[in-house]
Chemist: 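The structure under discussion is supplied below as structure tokens; questions concerning it will follow.
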Protein chains: 2
Amino acid sequence: MLSSTEENYLKAIYNISERESGSVTTNNIAQVMQTKAASVTDMIKKLADKELVDYAKYRGVSLTEKGRGLATQLIRKHRLWETFLVDKLGFDWDEVHELAEELEHIRSDELINRLDQFLGQPKFDPHGDPIPNASGRFTIRQQTQLSDLKPGEKGEVVAVHHHDDALLRHLAEIGIELKTNLEVLELHAYDQSIQVRLGTGKVLQINPGLAQKLFIRRSN
Amino acid sequence: MLSSTEENYLKAIYNISERESGSVTTNNIAQVMQTKAASVTDMIKKLADKELVDYAKYRGVSLTEKGRGLATQLIRKHRLWETFLVDKLGFDWDEVHELAEELEHIRSDELINRLDQFLGQPKFDPHGDPIPNASGRFTIRQQTQLSDLKPGEKGEVVAVHHHDDALLRHLAEIGIELKTNLEVLELHAYDQSIQVRLGTGKVLQINPGLAQKLFIRRSN
DNA sequence: AAATAATTTTAGGTTGCCCTAAAAGCCTTA
DNA sequence: TAAGGCTTTTAGGGCAACCTAAAATTATTT
Ligand SMILES: [Mn+2]
Ligand SMILES: [Mn+2]
Ligand SMILES: [Mn+2]
Ligand SMILES: [Mn+2]
């Protein structure tokens with residue numbers, strides 16, 4: 001039985017290792033967990049004792065199979081709760097992350113499987129992130145960063161990277177949400193910004209930072 | 001901001017003072033919280049510092065207005081989550097108490113108010129217990145213990161006392177749930193048992209312990 | 001290859017919630 | 001009303017998760 005804190009560390013390690021290659025460093029975890037390196041070392045030892053991470057002093061950690069499995073289940077719970085909050089309770093997509101951070105620690109397989117059924121076994125959460133199934137398998141989807149599209153290419157917004165509430169609110173404001181269709185009109189060499197036309201006809205300048213955080217499925 | 005533990009103590013004190021008159025004793029709380037008297041004394045001091053209980057050494061505690069308000073909100077959350085689990089996720093009434101014990105500590109007024117809306121602002125939980133509204137007011141209902149009915153009296157089961165899962169399963173097995181209609185046929189002086197006929201026609205012998213835990217609204 | 005800089009670990013301490021054992025206070029009953 | 005028996009509090013610790021400061025190790029620069 002893991003504490004909520006242990007679960008959060010596992011998830012942090014999982015997320016870091018998804019976006020960076022090699023082993024995960026103490027400082028890296030400290031930053032994500034908003035804590036101090038010394039505290040991370042304490043916790044790493046505990047997780048290593050429980051065989052959830054492989055750990056070599058001064059060399060960082062990586063998840064074991066067991067650790068990765070638990071992290072995946074936690075992500076499943078997080079994303080299912082987010083889906084519940086948006087689809088059933090009518091929250092906006094920028095309001096659900098913190099709540100899901102608490103709800104994900106409710107410990108009951110029965111609960112999460114019933115919730116999954118109730119929601120119609122969704123494959124993606126309100127931010128377009130894939131929801132692993134009960135065996136921990138993710139649905140793979142073809143997607144590209146908006147910043148990689150060439151002028152003339154069209155597509156549909158399928159995910160946003162990631163849980164920055166201000167970003168999500170901004171997107172909603174300028175008219176971008178999941179399933180929004182768009183076409184790249186021009187790339188401006190001067191500031192790397194991208195001009196796009198939305199399905200609604202609205203034309204927008206998207207700055208490069210934002211364009212990296214929007215994931216598109218090409219549609220032609 | 002209260003910890004889950006502090007919230008649970010408040011709820012325990014609230015529940016004890018509902019069923020017993022006078023101030024709530026340390027041992028009483030220790031028994032409900034499954035902990036030791038010394039631990040209770042520690043916590044009582046903390047709650048007294050926060051002005052959630054009135055405390056006089058060796059004299060027990062009682063909730064302040066503020067403490068009672070928080071306890072009531074916790075009970076609201078508990079009962080709304082139980083209602084969600086039964087009505088929306090299809091759990092049986094004997095399966096939801098422990099889960100609600102965890103869910104009730106999720107801290108968000110917005111969440112609980114949306115959940116309330118989603119459930120249709122229910123007035124009673126799956127065990128027939130009243131759900132306080134956002135201002136902490138309970139719906140009052142006329143009800144009598146089955147053990148107080150006289151032969152010939154009829155009524156409807158409106159609540160069961162309380163969260164003993166085995167009791168709830170037993171009731172379901174013998175055909176008693178909320179809204180079950182019944183009529184008292186006979187009282188047996190020998191063992192104080194009560195013979196009742198359910199709406200279905202089924203005739204049962206109910207022992208006096210159980211009869212005290214069934215709440216009935218008279219219907220004639 | 002040193003020297004310096006950065007990272008990581010260790011040492012020692014705090015807080016919240018729990019414990020056992022002993023002391024203190026309250027209550028009953030002779 | 002005084003003793004004995006409960007109940008409650010205090011004293012002194014343990015454990016999880018955090019902290020700061022110092023030491024150890026690794027990485028980078030000269
Ligand atoms: Mn999230
Ligand atoms: Mn998400
Ligand atoms: Mn309950
Ligand atoms: Mn209930």
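Proteins come first, then strands; the chains are lettered A, B, ... in the order of their sequence lines, and each starts at number 1.
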Chemist: Under a 4.0 Å threshold between the charged nitrogen and the carboxylate oxygen, would B:E110 count as salt-bridged to B:R114?
Modeler: yes
Chemist: Under 4.0 Å between a side-chain N/O of A:S3 and OP1 or OP2 of D:dA16, yes or no?
Modeler: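 Negative; the distance criterion is not met.
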Chemist: For nucleotides 10-12 of chain C, which of its nitrogen or oxygen atoms have a protein nitrogen or oxygen under 3.5 Å away, and what is each distance?
Modeler:
unit_1	atom_1	unit_2	atom_2	d
C:dT10	OP1	A:K57	NZ	2.6
C:dT10	OP2	A:K45	NZ	2.4

Chemist: Report yes or no: does A:K179 contribute a side-chain atom to a donor-acceptor pair with the main-chain N or O of A:V158 at less than 3.5 Å?
Modeler: no
Chemist: If you find the nucleotide of DNA chain D closest to B:V40 and the one closest to A:S4, which residue's nucleotide is nearer the 5' end?
Modeler: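 Its nearest nucleotide lies further toward 5', so the answer is B:V40.
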Chemist: Please confirm whether B:K45 makes a cation-pi placement over B:Y55, using NZ or CZ under 6.0 Å from the six-membered ring centre and within 45° of the ring normal.
Modeler: no
Chemist: Without decimals, in angstroms, what is the distance between B:Q31 CD and D:dC6 P?
Modeler: 17 Å
Chemist: Is it true that a side-chain atom of B:R79 and a backbone atom of B:P130 form a donor plus acceptor pair closer than 3.5 Å?
Modeler: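 Present.
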Chemist: Measure the distance from CE on A:M43 to P on C:dT9 and round it to the nearest whole Å.
Modeler: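 Going from A:M43 (CE) to C:dT9 (P), I get 14 Å.
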Chemist: For B:N27 and D:dC6, is the shortest distance between a side-chain N/O and OP1 or OP2 below 4.0 Å?
Modeler: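 Looking at the OP1 and OP2 atoms of D:dC6, neither is under 4.0 Å from any side-chain N or O of B:N27.
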Chemist: What contact category does A:S39 fall into here, base, sugar-phosphate, or nothing, at under 4.0 angstrom with non-hydrogen atoms?
Modeler: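 Touches a base.
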Chemist: Rounded to the nearest angstrom, tell me the gap between atom CG in A:N28 and atom P in C:dA6.
Modeler: 17 Å
Chemist: Tell me which nucleotide among D:dT7, C:dC19, C:dT8 gets nearest to the side chain of A:T26.
Modeler: C:dT8
Chemist: For the pair A:E6 (side chain) and A:S3 (backbone), establish whether a donor and an acceptor sit closer than 3.5 Å, ignoring hydrogens and angles.
Modeler: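 Side chain of A:E6 to backbone of A:S3, a donor-acceptor pair under 3.5 Å: yes, one is there.
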Chemist: Does A:T25 place a side-chain N or O at less than 4.0 Å from the phosphate oxygens OP1/OP2 of C:dT7?
Modeler: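 For C:dT7, neither OP1 nor OP2 has a side-chain N or O of A:T25 closer than 4.0 Å.
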Chemist: For B:D125, is there any backbone N or O sitting under 3.5 Å from a side-chain donor or acceptor partner on B:T83?
Modeler: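 Such a contact is absent between B:T83 side chain and B:D125 backbone.
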Chemist: Would you please classify the geometry between the B:F138 ring and the B:Y14 ring as parallel, tilted or perpendicular, with 30° and 60° separating the classes?
Modeler: parallel
Chemist: Under 6.0 Å from the ring centre and within 45 degrees of the ring axis: does the NZ or CZ of B:K88 meet both conditions for the six-membered ring of B:F118?
Modeler: yes
Chemist: Would you call A:K11 and A:E104 a salt bridge, taking side-chain N to carboxylate O under 4.0 Å as the test?
Modeler: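 Looking at A:K11 and A:E104, the cut-off is met.
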Chemist: Send over the distance from A:R59 CZ to D:dT25 C1', rounded to a whole Å.
Modeler: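 Answer to the nearest Å: 9 Å.
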Chemist: Calculate the interatomic distance between A:K36 atom NZ and C:dT14 atom P; express it in whole Å.
Modeler: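 Interatomic distance, NZ of A:K36 to P of C:dT14: 17 Å.
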Chemist: How close or far is atom P of C:dC18 from atom CD1 of B:I29, stated in whole angstroms?
Modeler: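 Going from CD1 in B:I29 over to P in C:dC18 covers 12 Å.
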Chemist: May I have the distance from A:I44 (atom CD1) to C:dT8 (atom P), rounded to whole angstrom?
Modeler: 9 Å
Chemist: What are the residues of residues 5-19 of chain B, sorted by number, that bring a heavy atom to within less than 4.0 Å of DNA chain C?
Modeler: B:T5, B:Y9
